[in-house]
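To start, the structure under review is shown below, and the notes come after it.
Residue numbers start from 1 in every chain, and the chains themselves are labelled A, B, ... in the order their sequence lines are given, proteins ahead of strands. Since the model is a prediction, treat every value here as computed from it, not as a measurement.
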Protein chains: 2
Amino acid sequence: MQSRLTIKDIARLSGVGKSTVSRVLNNESGVSARTRERVEAVMQQEGFSPSRSARAMRGQSDKVVAIIVTRLDSLSENLAVQTMLPSLYEQGYDPIMMESQFDPELVEEHLGMLKRRNIDGVILFGFTGINEKMLAPWQSTLVLMARDAKGFASVCYDDEGAINILMSRLYEQGHRHISFLGVPHSDVTTGLRRHEAYLAFCKQHQLTPNVALPGLAMKQGYEHVAEVLLPETTALLCATDTLALGASKYLQEHQRTTLQLASVGNTPLMKFLHPEIITVDPGYAEAGRQAVLQLIGQVTQARELRQIVIPSTLQ
Amino acid sequence: MQSRLTIKDIARLSGVGKSTVSRVLNNESGVSARTRERVEAVMQQEGFSPSRSARAMRGQSDKVVAIIVTRLDSLSENLAVQTMLPSLYEQGYDPIMMESQFDPELVEEHLGMLKRRNIDGVILFGFTGINEKMLAPWQSTLVLMARDAKGFASVCYDDEGAINILMSRLYEQGHRHISFLGVPHSDVTTGLRRHEAYLAFCKQHQLTPNVALPGLAMKQGYEHVAEVLLPETTALLCATDTLALGASKYLQEHQRTTLQLASVGNTPLMKFLHPEIITVDPGYAEAGRQAVLQLIGQVTQARELRQIVIPSTLQ
DNA sequence: CTGTTAGCGCGTTCAA
DNA sequence: TTGAACGCGCTAACAG
């Protein structure tokens, strides 16, 4: 295990001074083309890569960001994270992952660790209960996912658009009794906004709304879908994939398979288990990309804190 | 954004020298109780935490490990990772996550990055196609999950035990025509070992084996389960949860719901969607814990490269 | 037991 | 355009 080479070695090998090597490394101006080439050749040949810790100590950033998901097995968040990782690697950032488990205290704990470690930025998947006060120290280095908050950069899904697309589709198909299975209003985006969009559509098209808002869990979909199944109901709109999965199980068990289901969230599991369900893709992949772009922009060029909304697309 | 304090500041504030502070920090002996207390008090009060980058540069490790999963949405791997993360945090390690997508080249790429970053260790979820040669440089700092290889530390599931438990249970229930849905032998653990365990049980109990080995994907379970459904078949054993999910879908669609299913892998999704399926828990949670223990032991105390097998438990 | 000194690998002056 | 010197925060070797 020979210790790795340093810029000093590269300097010696290419017959220049350390600082010249440093300049080449950072693409700084003020180095003749010939010198630069020579140094770069040596670096290439020796497979040199500068010590991260040394650079970090020198006041630069250590190029580490944290991604705090609610749960590692969240289908939707996974899709977003899946595009975040490659984007981050490309830019030379190391992503460290944490799980909040929908627990604000855990988030606080994690943020504590992160502050002590002098991390560059955080991508946080929002959920009901996160306290904006505790996020305050991260205002300029945080991107909030699936939720927006004043003074914070965020990447949200187009809740209203997604619901409208689905409702329009169902309406076009002739459905006039469309029930809604959603999430309580304490969840502003998935809960309140999607519910309101549903209500608005109903009003506009003179449909009678029929709603239950049990929660986010599959089990809750399963247990509460019956409440919105009237005899005349011909279609059911679910606020999330997970909820739809739960509802589907109930419907299968109770032979209500003629009901047309629709849901927000276009996860592979859903596509496999229930291809007959109409879905919109809230743009998870694009959301992941945008979040990274935004975060890197913020921490490297003090870019403004944008609140990005990803458009939904019918599948 | 005031710059954080350093041991120098702490030294000044508590009226001692830098190295004394350093000693206190590292719990080194040779510091009087009084001095230690005083220094610790100041640290506490000032909320001091040492710079990771500086320590890392000073030759220690930077306390970063990588977890390379095959896919972020792997149900089973998630369960293991879920216990790894807290264990790692407890020990002060930062876990950075990567996805191999079952692609050996991606693993190689990732390992390249990790080597350049001077990472402490790697936990790699194995799969068919990983080349042991490319793992060679990591021999002492790698823990392989779900697969074993000569000269490497590993944490494996008890494939044979899991199958035996399930087969015994089915046999006890009176089933005498048990089919098997599994994975090709190119996958040594999930494929070969589980298949062989099934065959051995059949031989021992004079059952006629009936096998298909389509692969790991849900879709493959769905498409190939018909091949092992003979008229006399009363039970079906699946090598994995995912496969069982695919098979279930087919069985439901074809009204073969009297068939008793059993599978290795006790994931929440499975438990919810199909509680009627008999499962064994291969010990994913425990595997995660053991992997971290093993890895930390290896990198901090040069512990031997153990090949750990986690026992399965009937659910 | 404790303080002083000397680097670790790198970026950043400041002369040359 | 370049190199020498200095310091980042910390640990280690050496004095006291």
Side-chain angles (χ1 to χ4, degrees), chain A residues 1-43 46-64 92 115-120 300, chain B residues 1-43 46-64 92 115-120 300:
Chain A
M1 188 67 166
Q2 54 178 13
S3 62
R4 299 171 24 160
L5 342 80
T6 74
I7 52 169
K8 201 173 163 186
D9 300 315
I10 302 298
R12 191 171 32 78
L13 289 172
S14 44
V16 300
K18 289 192 308 180
S19 33
T20 302
V21 178
S22 177
R23 289 187 183 105
V24 173
L25 216 48
N26 301 327
N27 282 321
E28 280 174 25
S29 60
V31 182
S32 74
R34 269 193 54 253
T35 310
R36 182 178 297 271
E37 269 177 40
R38 190 151 37 100
V39 173
E40 272 169 348
V42 174
M43 285 177 162
E46 302 292 334
F48 168 79
S49 69
S51 146
R52 293 190 96 62
S53 6
R55 315 189 94 177
M57 210 190 56
R58 219 34 217 112
Q60 314 276 358
S61 80
D62 34 4
K63 298 203 122 192
V64 175
K115 199 177 55 191
R116 271 174 251 126
R117 310 211 169 167
N118 202 34
I119 234 100
D120 292 285
T300 61
Chain B
M1 189 69 165
Q2 56 179 12
S3 63
R4 299 173 23 163
L5 337 83
T6 74
I7 52 169
K8 199 173 164 185
D9 299 316
I10 301 298
R12 190 171 35 74
L13 288 173
S14 42
V16 299
K18 287 193 307 177
S19 38
T20 302
V21 177
S22 176
R23 288 187 185 104
V24 172
L25 216 49
N26 300 327
N27 282 320
E28 278 174 27
S29 59
V31 180
S32 75
R34 270 192 56 253
T35 310
R36 183 179 297 270
E37 270 178 40
R38 190 150 37 98
V39 174
E40 273 171 347
V42 174
M43 284 177 162
E46 302 292 334
F48 168 79
S49 71
S51 147
R52 292 192 96 61
S53 6
R55 312 188 94 177
M57 208 190 59
R58 204 56 203 100
Q60 311 279 359
S61 78
D62 35 4
K63 297 204 124 193
V64 175
K115 199 177 55 190
R116 272 174 251 125
R117 310 214 169 164
N118 201 35
I119 234 100
D120 292 287
T300 61

Establish, with yes or no, whether the OP1 or OP2 oxygen of C/dT2 is under 4.0 angstrom from a side-chain nitrogen or oxygen of B/Ser32.
yes
Which part of the nucleic acid, if any, lies within reach of A/Ser19 when heavy atoms closer than 4.0 Å are counted: base, sugar-phosphate only, or nothing?
base
Whole angstroms only, please: what is the CG-P distance between A/Leu5 and C/dG9?
10 Å
Please tell me which of the listed nucleotides, C/dC10, D/dC10, D/dT2, lies nearest to the side chain of A/Thr35?
D/dT2
Given atom CZ of B/Arg36 and atom C1' of C/dT2, what is their separation to the nearest angstrom?
13 Å
Please examine the side chains of B/Leu13 and B/Met43, heavy atoms only from C-beta on, and report whether any two atoms are closer than 4.5 Å.
no
CZ of B/Arg117 versus P of C/dG9: gap in Å, rounded?
19 Å
Expressed as a whole number of angstroms, how long is the span from B/Ile7:CD1 to C/dG3:P?
12 Å
Integer-rounded Å distance: C/dC1 P and B/Lys18 NZ:
23 Å
With heavy atoms under 4.0 Å as the rule, sort A/Ser53 into base, sugar-phosphate or nothing.
nothing
Please check if any side-chain donor atom of B/Ser32 sits under 3.5 Å from a side-chain acceptor atom of B/Thr35, or the reverse.
yes
Does the side chain of A/Val16 come within less than 4.5 Å of A/Arg38's, by heavy atoms?
yes
How close or far is atom C1' of C/dC10 from atom CG of A/Asn27, stated in whole angstroms?
16 Å
Both A/Asn26 and B/Ala33 contact DNA chain C. Taking the nearest nucleotide for each, which residue is further toward the 5' end?
B/Ala33
Given DNA chain D, 5'-ward residue of the pair A/Ala54 and B/Glu28, judged by closest heavy atom:
A/Ala54
Ignoring hydrogens and angles, are the base of D/dA12 and the side chain of B/Ser22 linked by a donor-acceptor pair under 3.5 Å?
no
Has B/Thr20 got a side-chain N or O lying under 4.0 Å from the OP1 or OP2 atom of C/dG3?
yes
If the test is side chain to side chain contact (heavy atoms under 4.5 Å, CB included), which one of A/Val31, A/Val24, A/Ile7 qualifies with A/Val39?
A/Val24
Whole angstrom is fine here: how far is it from NZ in A/Lys8 over to P in C/dC10?
11 Å
Provide, to the nearest angstrom, the distance between the CZ atom belonging to A/Arg116 and the P atom belonging to D/dC10.
15 Å
Classify B/Val21 by what it touches in the nucleic acid, base, sugar-phosphate, or nothing, heavy-atom distance under 4.0 Å.
nothing
Find which nucleotide of DNA chain D each of B/Arg23 and B/Pro50 is nearest to by heavy atoms, and output the residue with the more 5' nucleotide.
B/Pro50
Which of the following nucleotides, D/dC14, D/dC8, D/dG9, is nearest to the side chain of A/Arg58?
D/dC8
Regarding B/Ser53 and A/Asp62, is there a side-chain donor-to-acceptor distance under 3.5 Å anywhere?
no
Side-chain contact check for A/Met57: nearest option of C/dG11, D/dT11, D/dC8 is D/dC8
